[in-house]
Amino acid sequence: MRFFNSLAGRLSQVRRSRLAAPALLMASLLMTGGIVAVITPASATKYSADADAIAKGRALFLVGCSSCHGKNAEGIQTQGGGQYGPSLVGVGAAAVHFQMETGRMPMANPGVQAPRKTVIYNQDEIDSIAAFIASVGPGPAEPTEAEWSVAGATNEQIVRGGELFRTNCTACHNFAGSGGALPGGKLAPALTGVAEKHIYEAMLTGPQQMPVFSDGVMTPQDKRDVIAYLKSTESAPGYGGTSMGALGPVAEGVFVWIVGLGALVGFAVWIAAHTARTKKGSNA
Amino acid sequence: MSKPFDSNGKKPAAAAKPNRLGNVAEWADERVGLAGLAKKNLRKVFPDHWSFMLGEIAMWSFVVLLLTGVFLSLWFKPSMEEVTYQGSYAQLRGLEMSAAYASTLDISFDVRAGLLMRQIHHWAAMLFIAAMIIHLMRVFLTGAYRKPREINWLIGGVLLLLGILEGFAGYSLPDDLLSGTGMRIADGLVKATPVVGTYMSFFMFGGEFPGHVIIPRLYIAHVLLIPGLILGLIGAHMLLLVFHKHTQWPGPGRTNENVVGYPMLPVYAAKAGGFFFIVFGVTTLMGALLSINPVWKYGPYTPAEVTAGSQPDWYMGIAEGLLRIMPGWEPTIFGHPLSLNVMLPGQVGPFIIFGSILAYPFIESWITGDKREHHLLQRPRNAPTRTAFLVALMTAYGLLWAAGGNDILATQFHLNLNWITYFMRVAVFVLPVVAFFITRRWCISLQRHDNEKVLHGYETGIIMRSADGAYSERHEALGSDEAYTLTARDRDEVYVPADGEDANGISSKQARSDRRRGKLSKKMFGNNVQKPTAQELEEAHHHGHDDATLIGHDAGQH
């Protein structure tokens with residue numbers, strides 16, 4: 001105690017020194033930096049090594065993305081306080097891979113939601129932009145094939161994936177993954193024909209209207225099970241015949257009126273027009 | 001026109017040699033007296049028109065439903081007992097589910113032809129109700145519900161209601177995610193009843209939703225109670241049809257007292273019997289080629305789950321649409337919420353639509369005061385108000401139907417879900433009125449067109465030029481058959497109430513009612529175009545002889 005008292009006394013003597021403030025600043029910066037270095041996950045620094053890729057990604061970003069997302073991916077706010085383009089700090093490489101590899105980004109025109117479209121960037125360019133985005137803030141990295149591959153999924157895992165899918169996904173994406181409507185012109189896109197990796201990334205990053213299913217909420221194994229279920233139903237034969245878009249009873253109602261009743265009324269006209277004793281052309 | 005059936009032979013009848021079939025028939029006839037009944041009914045005449053066969057589609061699809069339903073009942077287990085699925089459908093194997101759902105999966109995957117039967121059954125059910133509705137529309141548009149057929153009109157209405165209930169019970173049975181969601185909505189509708197809603201729901205489900213009793217209860221309603229009622233009412237419907245005889249379109253030789261057509265045997269029996277096989281064939285084709293209600297994709301019902309694209313079968317679509325566009329009105333009265341947001345669209349709305357069409361014939365007959373029997377049909381154009389009323393209802397029905405699928409419309413046509421809802425909220429009130437007036441004017445101009453044809457003949461498309469250079473279209477007189485058909489209708493009489501005031505200038509209750517009737521009658525018939533009088537016809541024909549080839553198509557110049 002005495003030691004601390006004397007230390008405080010000695011320090012108080014130098015507190016007005018010209019060097020005191022810079023020294024204190026230096027000390028606190030070192031301490032903060034040290035803590036950050038210790039607690040930040042390794043993935044954040046994964047791409048920072050590749051300075052070339054980051055530089056190339058930044059150049060591409062400035063041309064193709066910065067008009068909405070800002071020059072440093074910090075996002076642009078509208079005058080009304082809304083987001084013109086959201087900040088990309090912390091979205092991670094996984095988000096870039098999902099958005100760009102499915103053609104959603106860059107958007108062709110502003111709208112409530114970016115639709116899937118033809119991919120115009122090549123893989124190297126997308127990798128570079130992903131490296132740049134990963135460098136501006138820590139976020140989920142691109143999942144490896146081991147993470148998303150469902151090649152060896154067991155039937156038990158598929159069944160489990162079905163349960164997870166029905167509990168977490170069908171409310172928006174429809175029972176058969178055919179997609180569904182959300183308020184205000186937004187939508188949950190169809191999941192059929194989507195690559196395993198992109199479904200995984202979507203769950204991981206929660207693009208657009210979708211909630212984030214982080215690894216803490218839905219483990220990588222859960223995610224793989226959901227994908228395995230989707231892929232198994234996608235490759236299953238159409239047991240009952242043509243699915244009519246797998247949209248549910250609305251499509252069935254359309255078909256019963258147009259195809260079913262249409263055909264039968266046609267037959268009724270035919271039967272009434274042809275009678276044993278009706279000569280063709282007579283007015284009976 | 002066909003010649004009447006000539007059954008008079010030239011030679012006197014001689015008793016045929018008895019044969020074995022004849023002996024059996026005679027044995028039966030002597031004991032049950034079928035011959036007398038058959039003799040009359042086998043010669044029963046039915047008029048021929050395609051629109052008279054719409055009800056048959058409903059009847060035959062009901063027969064298909066009975067046949068396939070018996071097949072399904074052999075394997076379906078109406079139980080909510082928890083079982084572990086161990087059947088062929090791998091994606092659900094090992095899951096806990098109700099016995100009802102598991103047995104539906106078994107029917108679909110492990111019973112030979114089970115899936116086909118299920119799909120035929122479901123398509124036939126959707127067709128059954130669709131056919132009943134277009135049959136109802138035909139009867140309504142042609143005025144076939146008029147005396148003496150009012151009771152049959154009501155029986156038809158009850159059949160439609162029972163059919164819808166039966167369908168709802170049926171698609172709730174598999175206990176998959178979709179049907180469970182439907183049951184949850186039904187539960188909500190029941191609970192929205194003021195005061196007794198919760199009690200009713202608890203009675204229905206034997207406790208808190210979903211409970212363990214609803215599937216067995218629905219099953220008995222679906223396989224016994226409702227089909228029994230439907231079968232009985234179809235019997236009554238058919239008996240009354242035979243008793244009243246079928247209506248027919250007006251035409252030469254067809255009067256209110258006769259029926260022109262073909263006898264039951266052999267022509268009509270072959271036609272109607274053949275139609276059964278066509279209906280069976282079409283439903284089988286649909287069942288074989290088009291996947292309906294793929295229960296395995298929905299998964300077992302869990303109250304915690306729901307899927308996008310949750311819709312009822314089409315015939316519940318208007319109730320769904322009403323629910324979806326209804327604003328969330330839920331006032332609190334004496335500390336208790338009154339769920340108008342569910343009660344109005346679920347319990348009141350559909351019955352207003354249903355009730356208004358069932359009541360229309362009675363309102364119409366009160367306005368016309370017509371107590372005569374009618375066996376000749378009216379063309380829809382000759383009852384403009386009635387036709388317009390149905391088109392207005394159809395418009396409202398169609399809009400609500402579309403509103404029930406608003407999410408599918410949004411995704412398929414890239415529309416904004418909210419805008420669809422806002423549009424429908426206004427459109428269901430405005431567009432039926434617009435449709436009403438357009439249809440009525442349309443009918444009236446068609447009536448005018450008919451009169452034109454009767455008076456001035458039809459347009460031949462031949463353009464004539466007169467000596468002084470004027471152009472006109474040549475009209476040709478209608479054949480007498482066609483002219484007869486066009487004019488074989490009654491004139492509408494606008495009811496003019498007598499002045500019902502007493503000495504003190506006070507209206508009696510009867511007089512007030514009469515005045516209302518007069519007003520409505522004027523609205524209903526005042527604008528109609530009546531068929532030309534004999535004098536008008538005479539004048540037009542006389543005029544026609546003067547310049548047979550030069551008749552312009554402006555009626556005003558004659």
Side-chain angles (χ1 to χ4, degrees), chain A residues 112 155-156 158-159 162-163 166-167 170-176 178-185 187-188 229 232-233 236 238-257 259-261 263-265 267-273 275-278 282-284, chain B residues 1-2 48-50 53-54 57 90-95 108-109 115 119 123 126-127 130-131 134 177-178 262 267 271 274-275 278-279 282-283 286 288-294 296-299 304-314 317 405-408 410-411 415-418 481:
Chain A
V112 288
N155 193 59
E156 203 179 324
I158 290 172
V159 173
E163 281 286 85
R166 283 187 293 277
T167 311
T170 51
C172 299
H173 285 287
N174 159 303
F175 60 94
S178 312
L182 298 173
L187 58 96
Y229 173 76
S232 84
T233 51
Y239 295 107
T242 316
S243 72
M244 303 175 296
L247 293 170
V250 171
E252 295 162 5
V254 170
F255 269 77
V256 85
W257 273 88
V259 177
L261 208 56
L264 286 171
V265 170
F267 276 118
V269 172
W270 175 68
I271 291 174
T275 291
R277 282 179 255 174
T278 309
S282 81
N283 198 19
Chain B
M1 273 307 297
S2 58
D48 237 350
H49 193 267
W50 66 269
M53 305 184 79
L54 301 177
I57 301 176
Q91 280 91 336
L92 295 174
R93 200 178 297 142
L95 272 192
S108 304
F109 292 107
L115 181 56
Q119 298 201 142
W123 281 120
M126 308 249 284
L127 200 59
I134 55 164
L177 184 52
L178 187 64
Y262 296 101
V267 179
K271 283 192 172 204
F275 202 30
I278 288 174
V279 173
V282 167
T283 47
M286 293 184 83
L289 300 175
L290 303 171
S291 174
I292 187 167
N293 195 19
W296 57 91
K297 286 186 186 166
Y298 293 113
E305 294 170 1
V306 75
T307 166
S310 282
Q311 255 96 8
D313 273 9
W314 74 263
N406 60 0
D407 56 330
I408 306 292
T411 53
L415 297 170
N416 184 323
L417 191 65
N418 303 41
D481 281 4

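Values in this document were obtained by computation on a predicted structure and should not be read as measured data. Every heavy atom of this structure was used, including side-chain atoms; hydrogens, water molecules and symmetry mates were not.
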Can you tell which part of [X] gets under 4.5 Å to a heavy atom of chain B, answering side chain, backbone, both or neither?
{"X": "A/Ala236", "value": "side chain"}
{"X": "A/Ala246", "value": "side chain"}
{"X": "A/Glu156", "value": "neither"}

Heavy-atom distances under 4.5 Å only: say whether [X] touches chain A with side chain, backbone, both or neither.
{"X": "B/Leu289", "result": "backbone"}
{"X": "B/Leu290", "result": "both"}
{"X": "B/Leu54", "result": "side chain"}
{"X": "B/Leu127", "result": "both"}

B/Asp407 side chain to B/Gln311 side chain, donor-acceptor N/O pair below 3.5 angstrom: yes

Centroid separation under 6.0 Å, is that true for the rings of B/Phe275 and A/Phe267? no

CG (A/Leu187) and CG (B/Asn416) are apart, to the nearest 0.5 Å, by 10.5 Å

Would you indicate whether the side-chain heavy atoms of A/Pro249 and B/Met126 approach each other to under 4.5 Å? no

With a 4.5 Å cut-off on side-chain heavy atoms, are B/Leu178 and A/Phe175 touching? no

